[in-house]
Asker: 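A single structure is presented below for examination.
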Amino acid sequence: MIRLLRAHLLPYWRQILVIVILVLLQAIASLYLPTLNADIINDGVVTGDTGYILRAGAIMLVVTLVFVAAAISAVFFGSRVAMGLGRDLRGALFRRVQGFSQAEVNSFGTPSLITRTTNDVQQVQMVVLMMLNVILLAPMMMVGGIIMSLRLNVSLSSVILVAIPVMLVFIGLMVRTGLPLFKAMQVRIDRVNQVTREVLSGIRVIRAFDRTRHEERRFAGANADLTETTLRVNRLFALMIPVMTIILNLSTIAVMWFGGRQIADGDMQIGDLTAFLTYIIQILFAVLMATILFVMVPRAAASAERIGAVLDAEPSIVDPPRPARDVPARGRIEFRDVEFRYPHAEEPVLSGISFTAEPGQTVAIVGSTGCGKSTLVSLIPRFYDVTAGSVLVDGVDVREFELKDLWRRIGLVPQKSFLFSGTVAANLRQGDPDAGDDELWEALETAQGKEFVAGMPDQLDAVVAQGGASVSGGQRQRLAIARALAKRAPINIFDDSFSALDFTTDARLRAALKRRMAGATVIIVAQRVGTIMHADRIIVLENGTIAAMGTHGELLERSETYREIVASQLGREAAEGVA
């Protein structure tokens, strides 16, 4: 936590210096007031000197105004620093996550990354706010109070030597016990976040399979775990304020007892006892204020540790030190004996993958579910890096490209057609921010989406809900295809992007794509044979390896796996080459 704060509070050192000066003014003013009060009692009230009382009272008023002005200013600057820190941490986390590969995202988990960016940052932000506005004053008040009380009466100050160590020991025990509980509480917050996201994302599936009660029980379990842990923390720290108050009151009683005896013996004045009581209260109250920080620090420390884990995580996929420059964008793709396995997996998902896709060719990839089709095409834009072999684009290993340069060459339609909240035009311009309306309509026409977009009241300015929830599955796929087409990239990857389309729309779309992408490289992952049977080359994947490769006719002749796929979809006659 200290390392995290040191790194991110350094830009605010000027504001922090101003806050320290303002807090120091508060401490000086607060420590000076009891002395003025004692002088008024000893030299004004006891002697009956009204003029002295008025003069000293005026000074007290000025000192009080200085204290108030310094306190307000310190809160103002402290709030700005704390809010700025929260903004910087959220920005740093967001930028770091943006640079993560899919492996790092999977490692942390989406719900946990959201919690770290929101809840954890807020915990650290609140501690910094308390430190600058309240806790920074505590050590100044404590040290100053001890000095002033020793100046007034050394023997009475022995009460402090007993009270403060007792307080510190109790606080240490509380923090040591509470830190593991705070860590567990953040993990349980992650779990509640995860369950909530799953329920909201899969609400249709839950209702379709009548799993509402089950999901309610699952959420109730996660919620109960969080509640139980939170109650344990609250029960633990509920002891703190009462115990501190008892110590404070017992110390006050001890001072009044021994001070009263000294007054009776003539060794101390009444004003001095009043001032000493004020200093004792200030000292112990400063310790009490510090306990507020100790209540918050364990949870903030756990949050800072989780934030630091994300900021310290190095993305596995980064730009090379000396990226390839000025490589002509032709669209040629080559896989050379590629192997890929997911982190910590025992067996590779892909092995021995070798093929070439030339500009102007359409290469289709087909195979059973789970054979590695989507993983294979994810290696081209470097969502993952190969574990052996190499993937080349335009004759250069993709690991030698600057990531932005590589991505500019690729138009991708992912398996899950995700749309952003905004307008249709804003979503389509994700592919090309400078695309004009005519180019967008052209892309929509090719993607067979022009008709339904033209039928919307606002057409290109029609609002799309987050994730594309306001349109059907087929419309969402066509918009995602149009978004990729608007980019006009030399390489276009369609990862099972036609599954929600009917056969007629599918056929029209493929014909339009063939006309529009005459010189581009097209990679199609599909389940339907009808979608890929006219491809220039078809790759049949089986258990992560290439079982066969060729045209539709060639594969019908020599690939039993492909004939089985065709037979299951088009009938035995088509598999035997009759249809």
Side-chain angles (χ1 to χ4, degrees), residues 204 361-367 369 373-374 377 411-420 423-432 435 437-460 462-465 467-489 491-518 520-538 552 565-566 568-571 574 579:
R204 294 181 181 179
Q361 282 188 338
T362 297
V363 176
I365 303 171
V366 68
T369 301
K373 302 186 297 297
S374 294
V377 296
L412 173 67
V413 185
Q415 192 171 25
K416 183 179 180 181
S417 302
F418 184 86
L419 299 178
F420 294 90
T423 64
V424 172
N427 273 278
L428 298 185
R429 288 194 174 100
Q430 292 280 338
D432 181 7
D437 288 354
D438 292 340
E439 294 173 289
L440 299 184
W441 283 116
E442 184 182 346
L444 284 168
E445 185 175 11
T446 304
Q448 307 304 303
K450 181 178 180 179
E451 183 178 348
F452 80 82
V453 172
M456 293 179 172
D458 297 319
Q459 298 188 351
L460 288 176
V463 176
V464 178
S470 58
V471 294
S472 68
Q475 291 172 338
R476 190 160 53 246
Q477 276 196 342
R478 282 177 278 173
L479 288 175
I481 292 169
R483 177 174 58 195
L485 296 178
K487 191 174 183 179
R488 295 185 177 276
I491 297 172
N492 292 272
I493 301 172
F494 299 91
D495 185 4
D496 199 13
S497 307
F498 309 104
S499 58
L501 306 180
D502 59 79
F503 287 99
T504 303
T505 304
D506 188 344
R508 288 203 306 266
L509 175 56
R510 283 186 285 109
L513 283 176
K514 190 172 183 179
R515 291 191 300 269
R516 182 183 176 94
M517 298 187 171
T521 306
V522 179
I523 306 291
I524 297 177
V525 174
Q527 299 287 349
R528 292 203 300 238
V529 173
T531 302
I532 52 94
M533 61 190 302
H534 299 293
D536 298 305
R537 184 181 303 171
I538 300 172
H552 174 70
I565 295 172
V566 174
S568 66
Q569 296 184 26
L570 304 181

Asker: Side-chain contact test, heavy atoms from C-beta onward, threshold under 4.5 Å: evaluate it for V366 versus V525 and give yes or no.
Answerer: no
Asker: Once you round to the nearest 0.5 Å, how far does CZ of R478 lie from CG of L444?
Answerer: 10.0 Å
Asker: Between CD1 of I481 and CG of L412, what distance do you get to the nearest 0.5 Å?
Answerer: 11.5 Å
Asker: How close do K487 and G411 get, heavy atom to heavy atom, and via which atoms?
Answerer: CD-CA, 4.2 Å
Asker: I need the minimum non-hydrogen distance between A480 and L419, along with the two atoms involved.
Answerer: N-CD2, 4.4 Å
Asker: Any Lys/Arg nitrogen of E442 or R516 sitting under 4.0 Å from an Asp/Glu carboxylate oxygen of the other?
Answerer: yes
Asker: Quick one: CZ on R508 to OG1 on T446, what's the gap to the nearest 0.5 Å?
Answerer: 12.5 Å
Asker: For A443 versus A482, what's the shortest heavy-atom pair and its separation?
Answerer: CB-O, 3.6 Å
Asker: Looking only at heavy atoms, which two atoms of A484 and N492 are closest? And how far apart?
Answerer: O-OD1, 4.2 Å
Asker: Working to the nearest 0.5 angstrom, can you tell me the gap between L460 CG and L440 CG?
Answerer: 6.0 Å
Asker: Kindly indicate, with the supporting measurements, whether the criterion side chain to side chain contact (heavy atoms under 4.5 Å, CB included) is fulfilled by Q459 and V424.
Answerer: CA-CA 8 Å; Q459 298 188 351; V424 172; over 6 Å; no
Asker: Within this structure, what is the CD-CG distance for the pair Q448 and L513, rounded to the nearest 0.5 Å?
Answerer: 8.5 Å
Asker: Within the 4.5 Å heavy-atom criterion, are D495 and K373 side-chain neighbours or not?
Answerer: no
Asker: Among V377, V522, T362, whose side-chain contact (heavy atoms from CB on, under 4.5 Å) with F494 holds?
Answerer: V522
Asker: Can a donor-acceptor pair be found, under 3.5 Å and without considering hydrogens, that links the side chain of R483 to the backbone of R429?
Answerer: no
Asker: Check whether any side-chain heavy atom of N427 lies under 4.5 Å from a side-chain heavy atom of L479, and answer yes or no.
Answerer: no
Asker: Out of curiosity, R488 CZ to D432 CG, how far, rounded to the nearest 0.5 Å?
Answerer: 9.0 Å
Asker: Is any side-chain heavy atom of H534 less than 4.5 Å from a side-chain heavy atom of H552?
Answerer: no
